[in-house]
Amino acid sequence: MKRKSLSVVNKVVQSSPAVKQPKLGFYSSLNQTHTYTVLLDCLRRSLPHHVVLRIFQYLPLIDRAQASSVCRRWNEVFHIPDLWRKFEFELNQSATSSFKSTHPDLIQQIIKRHAAHLRYVSFKVDSSTESAEAACDILSQLVNCSLQTLDLISMANPSFMNVSKSHFVSALTLVFVNSKSLSSIKIEGTPVDDPSLKILVANNSDTLTLLKMSSCPYVSSDGILCVADHCQGLRELALNYYILSDELLLALSSETHVNLEHLRIDVVSENPGQIKFHSIKKQSWDALIKHSPGVNVVMYFFLYEEEFETFFTEESPVTHLYFGRSVSKVVLGRIGPNCPRLVELVVCANGLQTLDNELICIAQHCKNLTALGLSACEVRCSALVEFVRLCGRRLAQLSVMEEVLTPDGDYGLDKIHTEVSKYLGRTWFPDVMPVW
């Protein structure tokens, strides 16, 4: 019966004047509307319930809501709990933001009818304080749900930092208390504090596996140590360097703790112009690597040249290095001998001195290096060719801006791509800044 109805639809489509002669006349528009009506009626009646559910899962919310008005059966599917396990609240002020905001009526409908079904929730807010406060208001109403994932995302400035600390903490801890199975939490750039983390640990220590909380100035090394001591299943952690400690690394290396898979450390000046950073003992790093030999240690540096004194003076287990500000030739010279686990290196800025010897040293010592990115620095063409020759085909990603390369007696910009391509085993060209 279903095949027969589908064949009828095919015949209607093939014989429709609107298909054969796509004109904009009144009668052709009527025929086209009739065809779509027949198609829609066929789909509405013939599609199995689980197929409609699957289609709805791929639809944007606005399209899903419109589809729910087609018939009673599709409206029933619209309210099936499986469709409401994951939801992203988008909150913005229309005058200052470009992305659409979740309609207030829909927010209230979710809170009243689907809060108990929510498992994976994210809040995407613009730079306004009003949007961050609205997110806190919604969080404080999610009293009947048991979340597994919570993401707080500020699209521009960390707008959650402008919210009253007591308001934010009250809303967040309410979720921590009611959700007994939180496994993933991303609360970067928020006023979360040590007491909040203790509440998180008290209610979700058995399930927490991922915690990202960089740029959280009210969290101390004691607060994050409490998490590491009690959340033995923690596999991914992101934090600022100022709360990294030897005690934390040893806690993550205890026999009862699972193997850590990903540790991201943002190294940012706590105070502008800060010169001295505390150091981490090599024994603490060694303990972590012994316990979790496959861990990725990712470090983002946003420092000035004079603030690097503490780093890379002895062997470091870092695997991914990103320099977001100018980094000196001297510091880059320490990376090769002291970062044997290095997999990826990105240099966004450097002075006017060429980095030839430093790059070649890194290629010689860092046998796991597979990715390099260079911008706003200087490297002679022959040095880049030698670097690629030493790395060979294991260099899976090579992104070098054309203005980085300085022609020399061996290679110019017109020939370097041939030599680099030969050693990479694939076609390669330097990146070019687009001219708009």
Side-chain angles (χ1 to χ4, degrees), residues 201 205 208-214 219-268 270 276-303 307-323 327-328 330-347 358 361-372 391 394:
V201 167
S205 60
L208 190 65
T209 61
L210 183 151
L211 178 60
K212 293 187 176 182
M213 46 177 303
S214 296
V219 174
S220 69
S221 55
D222 291 335
I224 193 64
L225 182 60
C226 174
V227 175
D229 280 335
H230 293 88
C231 300
Q232 301 295 311
L234 193 65
R235 296 182 182 276
E236 296 187 43
L237 178 63
L239 71 167
N240 278 79
Y241 185 82
Y242 76 88
I243 58 175
L244 183 69
S245 64
D246 294 296
E247 292 80 9
L248 174 61
L249 292 179
L250 294 175
L252 295 171
S253 308
S254 66
E255 292 183 0
T256 55
H257 202 288
V258 300
N259 291 344
L260 196 67
E261 297 175 357
H262 193 91
L263 175 62
R264 194 192 87 194
I265 305 164
D266 291 351
V267 190
V268 184
E270 191 174 358
K276 190 69 175 177
F277 283 82
H278 70 280
S279 60
I280 301 295
K281 296 178 181 177
K282 183 177 182 298
Q283 296 91 321
S284 303
W285 284 120
D286 290 343
L288 178 68
I289 301 305
K290 182 179 180 181
H291 177 72
S292 304
V295 62
N296 288 319
V297 180
V298 183
M299 298 188 74
Y300 288 84
F301 283 88
F302 298 92
L303 304 180
E307 297 174 321
F308 279 95
E309 180 183 347
T310 303
F311 302 100
F312 311 117
T313 57
E314 58 183 359
E315 189 171 300
S316 167
V318 63
T319 56
H320 298 71
L321 264 177
Y322 303 92
F323 294 102
V327 54
S328 71
V330 174
V331 173
L332 288 174
R334 299 201 296 252
I335 291 175
N338 293 318
C339 302
R341 300 179 75 240
L342 190 65
V343 173
E344 181 178 11
L345 172 65
V346 176
V347 179
E358 290 71 24
C361 179
I362 290 170
Q364 291 171 336
H365 290 86
C366 303
K367 301 300 183 181
N368 298 315
L369 189 71
T370 61
L372 174 70
C391 293
R394 64 180 165 88

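Keep in mind the model is a prediction, meaning the values are calculated, not measured.
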For His230, I'd like to know if atom NE2 has over 12 heavy atoms of other residues, nucleotides or ligands within 6.0 Å.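 Result for NE2/His230: open.
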
Would you name the heavy atoms of Leu342 and Glu344 that are closest together and state the gap between them?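 Looking at all heavy atoms of both residues, the shortest contact is CD1-O, 3.4 Å.
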
When rounded to the nearest 0.5 angstrom, what is the spacing between CH2 in Trp285 and CG in Leu263?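 Taking CH2 in Trp285 and CG in Leu263, the distance rounds to 5.5 Å.
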
For the residue pair His278 and Thr310, what are the closest heavy atoms and their distance?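 That closest heavy-atom pairing would be O-CG2, 3.6 Å.
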
Using every non-hydrogen atom in the two residues, find where Val297 and Val318 come nearest and quote the distance to one decimal.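 Looking at all heavy atoms of both residues, the closest pair is O-CG2, 3.3 Å.
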
Minimum heavy-atom distance between Leu234 and Val258, given as atom pair plus value: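 Nearest pair, atom of Leu234 first, then Val258: O-CG2, 3.6 Å.
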
For Lys281, all residues meeting salt bridge (Lys or Arg N to Asp or Glu O under 4.0 Å), sequence neighbours excluded: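 Per chain and number, Lys281 pairs via salt bridge (Lys or Arg N to Asp or Glu O under 4.0 Å) with no residue.
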
Does His257 offer a backbone N or O that forms a donor-acceptor pair with the side chain of His291 under 3.5 Å?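 Judged by distance alone, yes, a pair lies under 3.5 Å.
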
Go through the structure and list residues passing side-chain hydrogen bond (donor to acceptor under 3.5 Å, both in side chains) with Asp286, not counting sequence neighbours.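 Once residues adjacent in sequence are excluded, the partners of Asp286 under the side-chain hydrogen bond (donor to acceptor under 3.5 Å, both in side chains) criterion are Lys282.
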
About how many Å separate CD of Gln283 and CG of Leu250, when rounded to the nearest 0.5 Å?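 One gets 9.5 Å once the value is rounded to the nearest 0.5 Å.
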
Mind checking what makes ring pair (Phe, Tyr, Trp, His ring centres under 6.0 Å) contact with Phe312, not counting sequence neighbours?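 With sequence neighbours excluded, Phe312 shows a ring pair (Phe, Tyr, Trp, His ring centres under 6.0 Å) to Phe301, given in chain and number order.
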
Quick one: closest heavy-atom pair of Arg394 and Leu369, and the distance?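 Of all heavy-atom pairs spanning Arg394 and Leu369, the closest is NH1-O, 2.5 Å.
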
Asp222 side, atom CG; Ile243 side, atom CD1 - distance, nearest 0.5 Å: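 Going from CG on Asp222 over to CD1 on Ile243, the span is 10.5 Å.
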
Test: salt bridge (charged side-chain N to carboxylate O under 4.0 Å, His left out). Region: residues 224-246. Which pairs qualify, not counting sequence neighbours?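 Non-adjacent pairs meeting salt bridge (charged side-chain N to carboxylate O under 4.0 Å, His left out): Arg235-Glu261.
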
Do Leu211 and Ile224 come close enough that some side-chain heavy atom pair is under 4.5 Å?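 Of all side-chain heavy-atom pairs linking Ile224 with Leu211, at least one is under 4.5 Å.
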
Measuring only between side-chain heavy atoms, which start at C-beta, is Leu237 closer than 4.5 Å to Val227?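 When only atoms from C-beta onward are counted, Val227 and Leu237 do not touch, as no gap falls below 4.5 Å.
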
Atom CG of Leu239 and atom CD1 of Ile265: how far apart are they, to the nearest 0.5 Å?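 Result: 6.5 Å between the selected atoms.
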
Would the distance check show the side chain of Ser292 and the main-chain N or O of Asn259 forming a donor-acceptor pair, the cut-off being under 3.5 Å?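 Flag not set: sc Ser292 to bb Asn259 has no pair under 3.5 Å.
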
Over all heavy atoms of both residues, which pair between Val219 and Tyr242 is shortest? Give the atoms and the distance, please.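 Where Val219 meets Tyr242 most closely, the heavy atoms are O-OH, 3.5 Å.
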
Listed partners of Gln232 passing side-chain hydrogen bond (donor to acceptor under 3.5 Å, both in side chains), at least two apart: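 Only Thr256 meet the side-chain hydrogen bond (donor to acceptor under 3.5 Å, both in side chains) criterion with Gln232.
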
Is a side-chain donor or acceptor of Arg341 paired with a backbone partner of Thr319 at a separation under 3.5 angstrom?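 No: the side chain of Arg341 does not pair with the backbone of Thr319.
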
Is there side-chain contact between Ile335 and Phe323, with heavy atoms separated by less than 4.5 Å?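 The answer is yes, as the side chains (C-beta and beyond) meet within the 4.5 Å cut-off.
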
Partners meeting ring pair (Phe, Tyr, Trp, His ring centres under 6.0 Å) with Tyr322 (sequence neighbours left out):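 Residues passing ring pair (Phe, Tyr, Trp, His ring centres under 6.0 Å) with Tyr322: Tyr300.
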
So do the side chains of Pro340 and Glu315 get within less than 4.5 Å of each other, counting heavy atoms only?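 Of all side-chain heavy-atom pairs linking Glu315 with Pro340, at least one is under 4.5 Å.
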
Please round to the nearest 0.5 Å and tell me the distance separating atom CE of Met213 and atom CG of Asn240.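 Spacing of CE (Met213) from CG (Asn240) equals 9.0 Å.
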
Could you state the interatomic distance from CZ (Arg334) to SG (Cys339), rounded to the nearest 0.5 Å?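 Between Arg334 CZ and Cys339 SG, I get 10.0 Å after rounding to 0.5 Å.
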
Evaluate the side-chain proximity of Val330 to Phe308: yes if any heavy-atom separation is below 4.5 Å, no if none is.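 They are not in contact (no side-chain heavy atoms under 4.5 Å apart), so the answer is no.
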
